[in-house]
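Contents: one structure, followed by commentary.
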Amino acid sequence: MAAVDPVEASVALPGLGRALVSAGKLGQKAAEDIYRKAKTNRTSFIAELTGSGAVSAADLAHTMSTAFGAPVLDLDAIDTNRLPKGLLDGKICQDYRIVVLSKRNNRLIVATADPSDQGAAEKIKFATQMGVDWVIAEYDKLTKMVETLGTSATEAMDSIIGDDFEFDESSIDASSADDEDKGATSDVDDAPVVKFLHKMLLDAIGARASDLHFEPFEHTYRVRFRIDGELREIASPPAAIKEKLASRIKVISRMDISEKRVPQDGRMKLKVSADRVIDFRVSTLPTLFGEKIVIRILDPSSARLGIDALGYEPEEKERLLTAIARPYGMILVTGPTGSGKTVSLYTCLNLLNKPGVNISTAEDPAEINLPGVNQVNVNDKAGLTFSVALKAFLRQDPDIIMVGEIRDLETADIAIKAAQTGHLVMSTLHTNDAPTTLTRMRNMGIAPFNIASSVILITAQRLARRLCPQCKKPIDIPYETLIDAGFKEEHVDGTWTPTSRSAAPPATTATRAGSASTR
């Protein structure tokens, strides 16, 4: 008698799997295969199920609603700001992918995608001493909401107090702080605040955020991350920590902690691994109820993404590469604040950064550290302005000059003269599009013939939202909608096969929309 292969042996499916098999939504073998794969990958059955596409999140929600007699709720209609806070530990919500919607008497109304998970129900009952009433939600929407809500700062602060944690002072570059700042460090070295700040910084890096906002109000305190150009509320710690948190940030950013009446700027570093250090640019602003602090994440790796990661169309990319290969002239990058102009400039500098080339940059301040490039921080108080730095550069035998921003006529005149006398000059301007840049330069007082003889390329860019590579899929869009959106009729009828006068365009993955304009 042949032995049974243990791999092919029948497995005990979880309640969710049994419910799907009973409803005819999934075959027994398919369910067992997905369950084995989840065990191998150390993921949950429901995550592997929806990720494999065997059952859609919407179909799964309605099947669970029928099987367990629970209502289905569309989470898109829920305002996360109105959800109750503090009823359940945030870690439990993240571990089991659940969201507490409300409390009714001694029972919690909880959104879940898997009402068969007895472990989650028992955990909630043990933690809250309350019963649970399930509401079914689509797994993908639920996962997104759980990640958006995150662990509340109050819970994080409570859990921090009992932890054995010491802030790694070696990871923060504050070695040059004076003795007074070092003495102040001990005054604000409160373990919960230290770990909370450390957690926020690491969470922001992990979420690929560009900025962190610490905002004090009269009775509340809010922490928000800017992710994909949109601010998202991440935590609401107790308002009582605002003074200690502000002092901690100012100490490690080499600011004056005794000065709370005027804005201040600073920098700090965080060592996140043995070979990776992240820079942060810190700005404080006095408000009615305390100092608002904004921290910009400056990841040096963003400058080494490569030209292909900037999102230029092939024709525009070729124009840009041709322009930066020229020995002299002026290249201007325009766009709104936060659109990635500095990253684009440094990507170009990275391509030009060779042993035989002398590159100098003047910035306010230098956001990305690029080895091999002579970087200068502008300091208006000390008299080191953009124009002064540019004049000094011209006496330093430069090949390529990068100016952080052209703000005034004097800086523009020096930059143009440098571009006309054998130097490649790169800079940024805050305009909405490439053609408007010429008008802006004329309004600054630059003669038209100087613009014509020096500017070789103007590129304008915006940030564009990118679809998730794992979950993006084609959708059916009506023919008329595509035409109204600007698609050409031959593309709609030819490139994509229309079905009943509808067409499905390919999913896009552009990260930044770039356009270049040359003379």
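Note that the numbering runs from 1 along the sequence shown for the chain.
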message: Set out, in order, the CA-CA distance, both residues' side-chain angles and the distance that settles side chain to side chain contact (heavy atoms under 4.5 Å, CB included) for Leu332 and Thr431, then state yes or no.
response: CA-CA 11 Å; Leu332 297 173; Thr431 57; over 6 Å; no
Tyr139 and Ser44: CA distance, side-chain angles, deciding distance, side chain to side chain contact (heavy atoms under 4.5 Å, CB included) verdict: CA-CA 12 Å; Tyr139 182 73; Ser44 66; 4.0 Å; yes
Is the backbone N or O of [Y] less than 3.5 Å from a side-chain atom of [X], with the two atoms forming a donor-acceptor pair by type?
| X | Y | value |
| --- | --- | --- |
| Thr436 | Asn432 | no |
| Thr220 | Phe217 | no |
| Ser344 | Gly340 | yes |
| Ser253 | Gly266 | no |
| Lys141 | Asp74 | no |
| Glu243 | Ala240 | no |
| Arg232 | Phe225 | no |

query: Under the side chain to side chain contact (heavy atoms under 4.5 Å, CB included) criterion, do Val282 and Ile249 qualify, and how do the steps go?
result: CA-CA 8 Å; Val282 184; Ile249 294 173; 3.7 Å; yes
Give me the atom names and distance for the closest heavy-atom approach of [X] to [Y].
| X | Y | value |
| --- | --- | --- |
| Leu142 | Ala113 | CD2-N, 3.5 Å |
| Ala61 | Val72 | O-CG2, 3.9 Å |
| Asp59 | Thr63 | O-OG1, 2.8 Å |
| Ala31 | Phe45 | O-CE1, 3.6 Å |
| Gln461 | Pro336 | O-CD, 3.7 Å |
| Ile98 | Val146 | O-CG2, 3.6 Å |

- prompt: Can you name the residues that form a salt bridge (charged side-chain N to carboxylate O under 4.0 Å, His left out) with Glu405, not counting sequence neighbours?
  reply: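 For Glu405 the salt bridge (charged side-chain N to carboxylate O under 4.0 Å, His left out) partners, ignoring immediate neighbours, are Arg407.
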Would you indicate whether the side-chain heavy atoms of [Y] and [X] approach each other to under 4.5 Å?
| X | Y | result |
| --- | --- | --- |
| Tyr96 | Lys123 | yes |
| Ser339 | Arg462 | no |
| Thr428 | Thr334 | no |
| Leu457 | Leu320 | yes |
| Val110 | Val99 | no |
| Pro263 | Ser283 | no |
| Leu212 | Ile297 | yes |
| Val100 | Ile109 | no |

field: Trace of the salt bridge (Lys or Arg N to Asp or Glu O under 4.0 Å) decision for Asp140 with Lys144
entry: CA-CA 6 Å; Asp140 52 352; Lys144 183 179 178 181; over 6 Å; no
NZ/NE/NH1/NH2 to OD/OE distance under 4.0 Å, [X] and [Y]:
| X | Y | value |
| --- | --- | --- |
| Glu316 | Arg319 | yes |
| Arg224 | Glu233 | no |
| Arg281 | Asp265 | no |
| Asp33 | Lys37 | no |
| Glu313 | Lys317 | no |
| Lys242 | Glu291 | no |

query: Between Asp117 and Thr112, is a side chain to side chain contact (heavy atoms under 4.5 Å, CB included) present by the stated rule, with each step listed?
result: CA-CA 9 Å; Asp117 191 346; Thr112 182; 5.9 Å; no
[atom1]-[atom2] distance between [X] and [Y], expressed to the nearest 0.5 angstrom:
| X | Y | atom1 | atom2 | result |
| --- | --- | --- | --- | --- |
| Met64 | Trp134 | CE | CH2 | 13.5 Å |
| Leu201 | His198 | CG | NE2 | 7.5 Å |
| Ser22 | Leu13 | OG | CG | 10.0 Å |
| Arg267 | Ile295 | CZ | CD1 | 12.5 Å |
| Met130 | Leu108 | CE | CG | 4.0 Å |
| Glu215 | Ile293 | CD | CD1 | 11.0 Å |

message: Within a 6.0 Å radius of atom NE2 on His62, are there more than 12 heavy atoms belonging to other residues, nucleotides or ligands?
response: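 At most 12 heavy atoms, drawn from other residues, nucleotides or ligands, come within 6.0 Å of this atom.
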message: Is it true that Glu122 and Gln118 share a donor-acceptor pair across their side chains at a distance under 3.5 Å?
response: no
- request: Could I get the full list of side-chain contact (heavy atoms from CB on, under 4.5 Å) partners for Thr287, not counting sequence neighbours?
  value: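 Residues passing side-chain contact (heavy atoms from CB on, under 4.5 Å) with Thr287: Pro216, Lys292.
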